[in-house]
Amino acid sequence: MSQTTVSPSALPQPATAPESAPPPPRPGAFPSVPSQPGVTPSVPSQPGVTPSGPSQPGVPPSGLPQAAPAPAVLPAPAVLPAPAVLPAPAVLPAPAGAEVAPGSGSAGVAAPAPVGHALRGRIGTGFSPVPHRYRLYLSAGCPLSLRVTRALTLLGLERSVATTLLGADPATEGHAALRRAYEAAGHHYAGTLTVPALCDTWSGRVVSNHTPDILDDLCRLSADPAFREAS
């Protein structure tokens with residue numbers, strides 16, 4: 001009995017459903033755009049909405065709320081060192097016959113100068129800065145005198161500012177000259193003589209016996225070209 005071969009194409013095929021049309025876009029929606037490799041699809045902007053782009057390293061996406069930056073940390077204020085406490089000026093011995101301070105128990109020591117006898121004149125205020133015009137009276141055993149002597153050396157003023165080193169004997173011409181300078185600075189000065197003392201040789205009076213002022217004046221004199229040339 002013979003068999004009949006039937007080709008697959010001759011068999012009846014099932015009916016294919018017609019392709020459905022894409023649904024219509026909703027009102028207010030934007031049509032979709034097919035993506036392409038390496039191309040970022042652009043989205044139409046809407047009022048009041050910031051479009052977000054591709055993120056970049058270190059750059060926050062736009063349109064998102066950003067955190068407030070941390071407040072700057074201010075450095076701590078610098079702590080200034082405490083000012084150095086200068087020792088008291090040296091009190092020179094008084095000549096024989098001077099008044100003895102009550103309760104001092106030391107003959108030949110003059111009574112302490114009353115308050116207000118500090119002389120604080122300044123070079124440049126009534127005293128012009130002229131080389132060889134001023135003289136410093138110092139004492140060998142006075143720490144402040146040693147400081148002034150070092151300042152004269154460091155500033156190069158040894159030859160433009162004269163110095164007189166006083167010893168322990170009050171009967172010398174140096175003590176007498178300093179006494180006259182104090183008396184010229186204050187009428188009938190009866191206080192103690194202290195060093196360092198900066199004196200004006202033109203007027204014969206004490207300009208200052210305040211060591212910080214004397215050191216400051218020496219620093220300003222060292223910047224004067226006339227004093228540098230005289231040295």
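One is the number of the first residue; the rest follow in order along the sequence.
- Although no hydrogens or angles enter the test, the distance criterion places a donor-acceptor pair under 3.5 Å between the side chain of Arg135 and the main chain of Thr163.
- Both Leu165 and Val161 belong to a common hydrophobic cluster when Ile, Leu, Val, Met, Phe, Trp and Tyr are linked at side-chain heavy-atom distances under 4.5 angstrom.
- The NE2 atom of His210 sits 9.5 Å away from the CG atom of Leu215 when rounded to the nearest 0.5 Å.
- Members clustered with Val130: Trp202, by chain and number, using a 4.5 Å side-chain heavy-atom cutoff among hydrophobic residues.
- Taken from CG in Leu166 to OG in Ser139, the straight-line distance is 6.5 Å, to the nearest 0.5 Å.
- Residues that satisfy the side chain to side chain donor-acceptor pair (under 3.5 Å) test with Asp200, not counting sequence neighbours, are Arg133, Ser203.
- No side-chain heavy atom of Leu136 sits less than 4.5 Å from a side-chain heavy atom of Thr164.
- Minimum heavy-atom separation, Val195 to Leu178: CG1-CD2, 3.9 Å.
- When every heavy atom of Pro143 is checked against every heavy atom of Gly141, the shortest pair comes out as CD-O, 3.7 Å.
- Taking 4.5 Å as the limit, every side-chain heavy atom of Leu119 sits out of range of all side-chain heavy atoms of Val207.
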Subject >> side chain to side chain contact (heavy atoms under 4.5 Å, CB included) evaluation trace for Val206 with Leu198 >> reply: CA-CA 6 Å; Val206 175; Leu198 177 65; over 6 Å; no
**OP:** List the steps, then state whether side chain to side chain contact (heavy atoms under 4.5 Å, CB included) holds for Asn209 with Ile214.
**Re:** CA-CA 7 Å; Asn209 59 0; Ile214 294 174; 5.7 Å; no
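- A donor-acceptor pair under 3.5 Å is absent between the side-chain atoms of Ser145 and the main chain of Leu138, judged by distance alone.
- By the 4.0 Å N-to-carboxylate-O rule, Arg179 lies too far from Glu173 to be salt-bridged with it.
- Annotation: the span from Arg159 atom CZ to His132 atom NE2 amounts to 8.0 Å, rounded to 0.5 Å.
- Counting all heavy atoms, side chain and backbone alike, Cys142 lies closest to Pro196 at SG-CD, 4.3 Å.
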Subject >> Steps toward side chain to side chain contact (heavy atoms under 4.5 Å, CB included) verdict (Arg122, Asp216) >> reply: CA-CA 9 Å; Arg122 302 302 300 269; Asp216 185 58; 2.5 Å; yes
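- In this structure a side-chain-to-backbone donor-acceptor pair under 3.5 Å is present from His175 to Asp169.
- Here the side chain of Tyr182 pairs a donor or acceptor atom with the backbone of Thr194 at under 3.5 angstrom.
- The side-chain heavy atoms of Pro129 and Phe227, taken from C-beta on, include a pair separated by under 4.5 Å.
- Summarising the geometry, atom SG belonging to Cys199 is positioned 11.5 Å from atom OH belonging to Tyr134; distances are rounded to the nearest 0.5 Å.
- Between Arg220 and Asp224, none of the side-chain N atoms (NZ, or NE/NH1/NH2) sits under 4.0 Å from a carboxylate O, so this pair counts as no salt bridge.
- A donor-acceptor contact shorter than 3.5 Å is absent between the side chain of Thr125 and the backbone of Gly121.
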